[in-house]
*Asks:* 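Here you go, one structure.
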Amino acid sequence: LNPLLYTQQVGQLQAQGLLGTTLAVQSEPQNGDDPYSIQWTFGVQQTLPGSMTLEVNYNANRGLHEFFNYALNRPDRLTGISPVQGFGTVNVYAPIDRSKYAALQATLRKRLQKGLQFSGAFSWSKVHSFGDADLLLTAAPQDINNIKLDWGPAPFDIRLRFVGNAIWDIPALKLIHSNRRLTKLLFDGWQVSAIYTAQTGLPANITDTAGSYASARPDAAGLPQSQEYLTGYQTGVHQYLTAAAFIRVPIAAASSAQI
């Protein structure tokens, strides 16, 4: 398909009133690369006294050719005129995103001994990407001409996480010193178990919906980090950041986009 000839034919049809003045287009690369990942790991394990084992691992993952959603032929931010007249926004679905994950993981396990067993796992990790680092849940960059500006923590980046669990067989018969049949039926075989999970929060992507670009962001006001957060917990609204930490970018009247 000759793009120039196609554009001319569309222009003729629009002049005759057979097509609308703006056409929405969905585009995908004809020979797009398949997404894939590269994974590697290294670990050590040590037996400890008390029927315990300690395992420490380094895990890494590199995702390549992950899909990204972005828009072309948007109106110029100052003039409001699209580069190719007669067409609306061209939505592109292309494998140009990539991600990087690295984690240090430590696990302590105690085998069942004297009615008690437990384990605890701690991970210190980070995952960065340009978009959502996902095959289906794709995000749009703020500026397709400079997607490097979007490199940062992925939406599911959890830096610190701990999970612990324990099971204790309650020695009820030993405590009450009885071997009667009824006593065994009532008190034997009871266990107490617990699971505890703690982790840091997910990253937040601050956007400005005042403009026509969905992925637009406000400017940082440059406040000290200690002043960017509200004091205390804001019940009901879950608000931690203060609005004073951000400044809205001016909007151009011709394009309704940030300038």
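Not measured: the values here are computed from a predicted model. Residue numbers start at 1 and run along the sequence shown.
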*Asks:* With no hydrogens and no angle check, do the side chains of S99 and E66 hold a donor and an acceptor under 3.5 Å apart?
*Replies:* yes
*Asks:* Give, for atom CD1 of I38 and atom CG of N61, the distance between the pair rounded to the nearest 0.5 Å.
*Replies:* 9.0 Å
*Asks:* So if you build clusters from Ile, Leu, Val, Met, Phe, Trp, Tyr with side-chain heavy-atom gaps below 4.5 Å, do M52 and L112 land together?
*Replies:* no
*Asks:* Kindly give the heavy-atom pair with the smallest separation between P141 and Y70, and that separation in Å.
*Replies:* CD-CB, 3.7 Å
*Asks:* Quick check: closest heavy atoms across D150 and R217, and the distance to 0.1 Å?
*Replies:* OD2-NH2, 2.7 Å
*Asks:* Heavy-atom distance under 4.5 Å between the side chains of P155 and D132, does that happen here?
*Replies:* yes
*Asks:* Under the criterion salt bridge (Lys or Arg N to Asp or Glu O under 4.0 Å), I'd like the reasoning laid out for D143 against K148: C-alpha separation, chi angles, the key distance, then a yes or no.
*Replies:* CA-CA 9 Å; D143 185 359; K148 292 182 179 179; over 6 Å; no
*Asks:* Treating Ile, Leu, Val, Met, Phe, Trp and Tyr as nodes and any side-chain heavy-atom pair under 4.5 angstrom as an edge, say whether F156 and Y101 lie in one connected cluster.
*Replies:* yes
*Asks:* With a 4.5 Å limit on heavy-atom distance, are the side chains of T197 and R161 in contact?
*Replies:* yes
*Asks:* Counting C-beta onward and ignoring hydrogens, is there a side-chain heavy-atom pair between F118 and N165 closer than 4.5 Å?
*Replies:* no
*Asks:* Answer yes or no: is there a side-chain heavy-atom contact under 4.5 Å between K126 and P153?
*Replies:* no
*Asks:* Does D97 reach the main-chain N or O of G131 with its side chain, forming a donor-acceptor pair under 3.5 Å?
*Replies:* yes
*Asks:* Within a 6.0 Å radius of atom CZ on R111, are there more than 12 heavy atoms belonging to other residues, nucleotides or ligands?
*Replies:* no
*Asks:* With a 4.0 Å cut-off on N to O distance, would you call D208 and R248 a salt bridge?
*Replies:* yes
*Asks:* Backbone N or O of V127 within a donor-acceptor pair of the D157 side chain at under 3.5 Å?
*Replies:* yes
*Asks:* Can you confirm whether Q199 sits close enough to R159 that some side-chain heavy atom of one is under 4.5 Å from a side-chain heavy atom of the other?
*Replies:* no
*Asks:* Does atom CH2 of W151 have more than 12 heavy-atom neighbours from other groups under 6.0 Å away?
*Replies:* yes
*Asks:* Should W168 and W190 be counted in the same cluster of Ile, Leu, Val, Met, Phe, Trp and Tyr side chains packed under 4.5 Å apart?
*Replies:* yes
*Asks:* Once rounded to the nearest 0.5 Å, what's the spacing between atom CZ of R98 and atom CG of L64?
*Replies:* 8.0 Å
*Asks:* Are the side chain of S255 and the backbone of P75 linked by a donor-acceptor contact shorter than 3.5 Å?
*Replies:* no
*Asks:* Rounded to the nearest 0.5 Å, how far apart are CG of L223 and CZ of F246?
*Replies:* 9.0 Å
*Asks:* How far apart are the C-alpha atoms of I251 and Q258, what are their side-chain angles, what is the distance that settles it, and do they pass the side-chain contact (heavy atoms from CB on, under 4.5 Å) test?
*Replies:* CA-CA 5 Å; I251 302 297; Q258 292 180 341; 3.9 Å; yes
*Asks:* Take the angle between the ring planes of Y36 and H65 and call it parallel below 30°, perpendicular above 60°, tilted in between.
*Replies:* tilted
*Asks:* Quick one: are F68 and P95 in side-chain contact, heavy atoms under 4.5 Å?
*Replies:* no
*Asks:* Testing the 3.5 Å rule here: is there a donor-acceptor pair between the side chains of N57 and T41?
*Replies:* no
*Asks:* side-chain contact (heavy atoms from CB on, under 4.5 Å) between L202 and I158: does it pass, once the steps are laid out?
*Replies:* CA-CA 6 Å; L202 296 172; I158 298 176; 3.6 Å; yes
*Asks:* State whether the side chain of Q117 and the backbone N or O of A166 hold a donor-acceptor pair below 3.5 Å, judged by distance alone.
*Replies:* no
*Asks:* Without hydrogens or angle criteria, can the side chains of Q105 and N59 be said to hold a donor-acceptor pair below 3.5 Å?
*Replies:* yes
*Asks:* Just wondering, do R109 and E55 contact through their side chains at under 4.5 Å, heavy atoms?
*Replies:* yes
*Asks:* Decide if atom CD1 of I206 counts as having more than 12 heavy atoms of other residues, nucleotides or ligands within a radius under 6.0 Å.
*Replies:* yes
*Asks:* Starting at OG of S82, measure out to CZ of R74 and round the result to the nearest 0.5 Å.
*Replies:* 11.0 Å
*Asks:* Does some side-chain heavy atom of L54 sit less than 4.5 Å from a side-chain heavy atom of Q45?
*Replies:* no
*Asks:* Quick check on the hydrophobic clustering: are V44 and W124 connected, directly or via other members, by side-chain heavy-atom contacts under 4.5 Å?
*Replies:* yes
*Asks:* Under 6.0 Å between ring centres, would you say that holds for F67 and Y93?
*Replies:* yes
*Asks:* Say you draw a straight line from CG of L160 to OG of S125; how long is it, rounded to the nearest 0.5 Å?
*Replies:* 8.0 Å
*Asks:* Would a single hydrophobic cluster contain both V90 and I147, if residues Ile, Leu, Val, Met, Phe, Trp and Tyr are joined by side-chain heavy-atom contacts under 4.5 Å?
*Replies:* yes
*Asks:* Can you measure from CD1 (I167) to OG (S193) and round to the nearest 0.5 angstrom?
*Replies:* 6.0 Å
*Asks:* Indicate yes or no for a side-chain donor-acceptor contact from S123 to the backbone of A106 under 3.5 Å, with no hydrogens or angles considered.
*Replies:* no
*Asks:* Mind running side-chain contact (heavy atoms from CB on, under 4.5 Å) on F122 and T107 for me, showing each step along the way?
*Replies:* CA-CA 6 Å; F122 172 78; T107 304; over 6 Å; no
*Asks:* Would you say that more than 12 heavy atoms from the other residues, nucleotides or ligands in this model lie under 6.0 Å from the NZ of K110, or not?
*Replies:* yes
*Asks:* Start with the C-alpha gap between I247 and V249, add the side-chain angles, then the distance that decides, and say whether side-chain contact (heavy atoms from CB on, under 4.5 Å) holds.
*Replies:* CA-CA 6 Å; I247 302 175; V249 179; over 6 Å; no
